[in-house]
Amino acid sequence: MALEFAVEVFQNEYLPEGAADVDAIVTVTATGAAAQVVPADAAEVVIVDTSASMAYPPSKLAAAKQATAAAIDALRDGVWFAVVAGTDTARTVYPRARKLVVADARTRAAAKQAVRMLRADGGTAMGRWLTLADELFAGFEGGPRHAILLTDGENQHESPRRLTAVLDAVAGRFTCDCRGVGTDWQVAELRRIAEAMLGTVDIVADPEGLAADFRSMAASAMGKAVADVSLRLWTPEGARVVSLKEVSPGLRDLTGRRVESGPRTGEYPTGAWGGAESRDYHLRVRVRPAGVGDRMLASRVGLVGPSGDVLGRGRVLAVWTEDSALSTRISSEVAHYTGQAELAEAIQDGLEARKSGDVDRATAKLGRAVRLAHESGNSDTAKLLARVVEVEDPRTGTVKLRARVADADEMTLDTRSTVTKRVGKG
C-alpha cells in the first residue's frame, strides 16, 4: 500500500489595512498502517568515529561497536548498506571496496565481524566522513538514503570552511542523524550537520544507551516508504516567501533550501516519509497590501513526490478588514510555534551566556525559557531546565542559576532545545 498524504493550513486570514505579512501553519500528514505500507528500497551507511579519543574510556568504543552491530541487525534483507570508520580520513570497514552491499544473513554477519576489529586512532574530520558516505550513496538509485553519524569529539582536523563546502555539496543527497557520545563534542557543530542533512541530533551521555538508539534510528529509516518529498510554494506577482520553517517535531529552518521550479514557484526539501507521520511547517509570505474587503490567494502549497507528482495541496489566504476583532485574533497554531521558537532561542542564548560568565543575562534568558515552557505545557523541556536552574516560580520565570551543573545535563538541554511540543489543531 502506498502512503496517502494530506495538507492542511491553519491561519487567521484576516489582516488589518496596510498589513503585508501572512502567517500560516502547514500540516502535512502521511497515513497508512505500518503493516500495510510497503517500505521503499533503501540504503544505509553507519559512520563510526574511531579517532584516538574513542579509546578513553575503553567502554566508549566497545559501546559504539555494539551499537553499530544493533543497527546492522535492524537492516531488512535487500537493503543496501556499508559501514564507515571516521578519523582524520574515512574508510569503508565493510565492505572493503568503496561500494554498498545488499543486506542478508551472510553480509550482516560479515559486517559485524569487521566492526568487532575496529581500533581507535587518529583525528577527526567529519566532512571527509560525509564525503565518503555521499560517494557510497552515489551508485544507489532507489528510495531513501540514510546515514547515522556517531562522534565523541570536535571536528579538529579540517577547517569550518571545508565542512561548510562539504555540507553544501551533499545536502539533499541523503539524510543523516547525528549522535554525540560523552560530553567532549560540540552541540552547535553536530546540530549544523544534522540540520543541513535533514536529520536529528542528540546526546547519548552514557555509552550503554547507544545500542538502543542506533537500533531505533535504523528501524525508523527502514520504515520510510517515500523519499525526496518537497513542499512547493507558489506566490502571486509582487509577493514572496519570507520564511519556511519546520516547527514540529523539531525546529529546522528551510528558507535557504529553496530551489526555483517555475514562475514564482520554489520547492523546499522535507526528506523521506513513512506511515502515520505528521509534521508542521510555519510559512510566512509577504504580499502587496490590498484594500479593505479585498481577498487574495497569498500562496498555493503543494506537496510533491520524487517524480514530480503532487501528493497534496493547500491554500494560504489574505483578507483585509477594518474589523479589529478579526484582524487582531492570533491563530493558536501560529502563536504556539512562535513561542516554541522563542523557547529554543532563549535556551541557547541563556546557555551561551552562562558559559561566558554573564550571570544576569543567563538568568534572564533561562528564566524566560522556564516561563515559555510552562505556558506551552512543554513539560519535557521544563524538566531539563530544572537541572540547570533552580525554579522558584515557573509562571513568572523566576529562577536562580545552579552553582554546579553536570556537562551532560547542560548539553542535553542544548541538544533537545529544538524538540517542540505539538499543538492541538482547531
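In this text, all values refer to a predicted model and were calculated from it rather than measured experimentally. Position 1 is the first residue of the sequence, and the numbers go up from there.
With sequence neighbours excluded, the residues satisfying salt bridge (charged side-chain N to carboxylate O under 4.0 Å, His left out) with Asp77 are Arg108. For Asp414, the salt bridge (charged side-chain N to carboxylate O under 4.0 Å, His left out) partners two or more places apart in sequence, or in a different chain, are Arg191.
More than 12 heavy atoms of other residues, nucleotides or ligands sit less than 6.0 Å from atom CD of Glu135. Atom CG of Leu326 has more than 12 heavy atoms from other residues, nucleotides or ligands within 6.0 Å. Environment of CD in Glu260: crowded, with over 12 heavy atoms of neighbouring residues, nucleotides or ligands closer than 6.0 Å. Around atom CD of Glu17, no more than 12 heavy atoms belonging to other residues, nucleotides or ligands sit under 6.0 Å away. Other residues, nucleotides and ligands place more than 12 heavy atoms under 6.0 Å from the CZ atom of Arg416.
Of all non-hydrogen atoms in Ala218 and Ala71, the two that sit nearest each other are CB-O, 3.8 Å.
Side-chain contact between Val304 and Val229: absent, with no pair of heavy atoms (C-beta onward) separated by less than 4.5 Å. At a threshold of 4.5 Å between non-hydrogen side-chain atoms, the residues Thr27 and Ile25 count as touching.
Each of Asp280, Val26, Thr338 was compared with Val247 under the side chain to side chain contact (heavy atoms under 4.5 Å, CB included) criterion, and only Asp280 meets it.
By the 4.0 Å N-to-carboxylate-O rule, Arg232 lies close enough to Glu267 to be salt-bridged with it. Ion pairing between Glu410 and Arg387 fails under the 4.0 Å rule for side-chain N and carboxylate O. With respect to the salt-bridge test (charged N to carboxylate O, under 4.0 angstrom), the residues Asp228 and Arg145 qualify. Glu375 has no carboxylate O lying under 4.0 Å from a charged side-chain N of Arg395, or vice versa, which leaves the two without a salt bridge. Between Arg288 and Glu237 no salt bridge is recorded (no basic side-chain N to carboxylate O distance below 4.0 Å).
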Q: Take Asp134 and Thr131 through the test side chain to side chain donor-acceptor pair (under 3.5 Å) and record every step on the way to the result.
A: CA-CA 5 Å; Asp134 185 50; Thr131 297; over 6 Å; no
Q. Run the side chain to side chain donor-acceptor pair (under 3.5 Å) check on Thr255 and Asp253 step by step: do they pass?
A. CA-CA 6 Å; Thr255 309; Asp253 193 345; 2.6 Å; yes
Q: Could you please spell out the steps behind the salt bridge (Lys or Arg N to Asp or Glu O under 4.0 Å) verdict for Asp73 and Lys112?
A: CA-CA 9 Å; Asp73 281 336; Lys112 289 187 288 183; 2.8 Å; yes
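Below 30°, between 30° and 60°, or above 60°: for Phe137 and Phe174 the angle between ring planes is between 30° and 60°, a tilted geometry.
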